[in-house]
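Have a look at the structure below before the remarks.
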2 protein chains.
Amino acid sequence: MLSKKTQYALKALGYLAAKYGQGPVLISEISMKKKIPIKFLETILLELKQNGVLDSKKGKGGGYFLINHPKKTTLARAIRLVGGPIALIPCVSLNFYEKCQDCDEATCGLYKAMAQTRDATLKILEKKTLAELMDAE
Amino acid sequence: MLSKKTQYALKALGYLAAKYGQGPVLISEISMKKKIPIKFLETILLELKQNGVLDSKKGKGGGYFLINHPKKTTLARAIRLVGGPIALIPCVSLNFYEKCQDCDEATCGLYKAMAQTRDATLKILEKKTLAELMDAE
DNA sequence: CTATTAGTCCATAAACTTAGTAGGCTTTTA
DNA sequence: TAAAAGCCTACTAAGTTTATGGACTAATAG
């Protein structure tokens, strides 16, 4: 399961995607519309900024906005930035790999099953982008 | 990510799958071979028994064993029994569903993306069985 | 130049989950 | 009846997640 933080991040990004090209959006606006605790959202958006997905403007008329067109950022990227691994176990994670202490990856049945699952998941998450998160209202 | 508990469960089941039809297997044997803390493993196997996947025999010559042929139990089932949801967010979980407080599932973009991911994952995990977890040695 | 707006940053608290342990109880077999 | 082996409950320790408070900095308007 994705953490709450990751879910909030995706919702916020979806909101910003819908507002893309319309200037900065207030944290408080995102917080209200998406029902995300404002201080928590603050740290999430900051992290996304530090990771190069968002940029911000301070002062009056300020806020957060997507740097690139929504279609340029995949869900896989977004999830990894704030939420960590997409794979179900560490030894098949591409970005957060950790070796199993006890099993040999060449022969481990679990490894194979999980690697296949990871590939199927990634196939979707690397095709979908922030543009898909905009609500169809 | 799957919890350690779930990973242990899958490894233990894989071990038992390899020994299917050969009588009960000691907790201590599984613990040693799969490097799983024995007391932790004990609770996991018990849970799997209570969920109808394993059965056990007490006393000398006792131990745990699979009730059904390894091919009869899918990985999806095994994961759900000890590890909970397979879906990435609660509102798309089939077995551990929880409604989103704030979004409408008919229009939520995140819902759609995650539902699709869940389907792709399930397609694999419902086809793979404990038989696949046996190490190819 | 100063008041206001709005993001930045750090520290910490509260809640929850996970991982693992302890130890006595029950059943089975020889 | 003793040894083997699982059963079961409770507990704890640690870590993670979620969330908040408050002071600071930057930008803008007038």
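In what follows, every chain begins at residue 1, and chains take the letters A, B, ... in the order their sequences are listed.
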Provide, to the nearest angstrom, the distance between the [atom1] atom belonging to [X] and the [atom2] atom belonging to [N].
| X | N | atom1 | atom2 | result |
| --- | --- | --- | --- | --- |
| K11(B) | dA19(C) | NZ | C1' | 16 Å |
| F96(B) | dT17(C) | CZ | C1' | 15 Å |
| I44(A) | dG7(C) | CD1 | C1' | 15 Å |
| K35(A) | dT18(D) | NZ | P | 19 Å |
| E47(B) | dG6(D) | CD | C1' | 16 Å |
| M1(A) | dT17(C) | CE | P | 11 Å |
| I27(A) | dT20(D) | CD1 | C1' | 14 Å |
| L2(A) | dT16(D) | CG | P | 18 Å |

- Message: Can you confirm whether more than 12 heavy atoms, excluding those of K4(A), are under 6.0 Å from its NZ atom?
- Response: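 Open.
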Between the side chain of [X] and the main-chain N/O of [Y], is any donor-acceptor distance below 3.5 Å?
| X | Y | result |
| --- | --- | --- |
| Q7(B) | L2(B) | yes |
| T117(A) | A113(A) | yes |
| N51(B) | V53(B) | no |

- Message: Judged by each residue's nearest nucleotide on DNA chain D, which is more toward the 5′ side, F40(A) or G59(A)?
- Response: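 Of the two residues, F40(A) wins.
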- By nearest-nucleotide position on DNA chain D, the 5'-leaning member of G62(B) and T6(A) is G62(B)
State whether [X] places a side-chain N or O below 4.0 Å from either non-bridging phosphate oxygen (OP1 or OP2) of [N].
| X | N | result |
| --- | --- | --- |
| Y8(A) | dA19(D) | yes |
| S3(A) | dT18(D) | yes |
| K60(B) | dT27(C) | no |
| K57(B) | dT29(C) | yes |

Out of [options], whichever nucleotide has its closest atom nearest the side chain of [X]:
| X | options | value |
| --- | --- | --- |
| L26(A) | dT20(D), dA6(C), dG22(D) | dA6(C) |
| K5(B) | dG23(C), dA19(C), dT18(D) | dA19(C) |
| E42(B) | dG20(C), dG7(C), dC8(D) | dC8(D) |
| K58(B) | dG22(D), dT26(C), dT21(C) | dT26(C) |
| L46(B) | dC8(D), dA19(D), dG22(D) | dC8(D) |

- Message: For the CG atom of L133(A) and the OG1 atom of T73(A), what is their distance to the nearest 0.5 Å?
- Response: 10.5 Å
Just checking [X]: base, sugar-phosphate only, or nothing, at a heavy-atom cut-off of under 4.0 Å?
| X | answer |
| --- | --- |
| Q50(A) | sugar-phosphate |
| L45(A) | nothing |
| I38(A) | nothing |

- Message: Tell me which one of N68(B), L75(B), T74(B) satisfies side-chain contact (heavy atoms from CB on, under 4.5 Å) with L130(B).
- Response: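 Among the candidates, only L75(B) passes.
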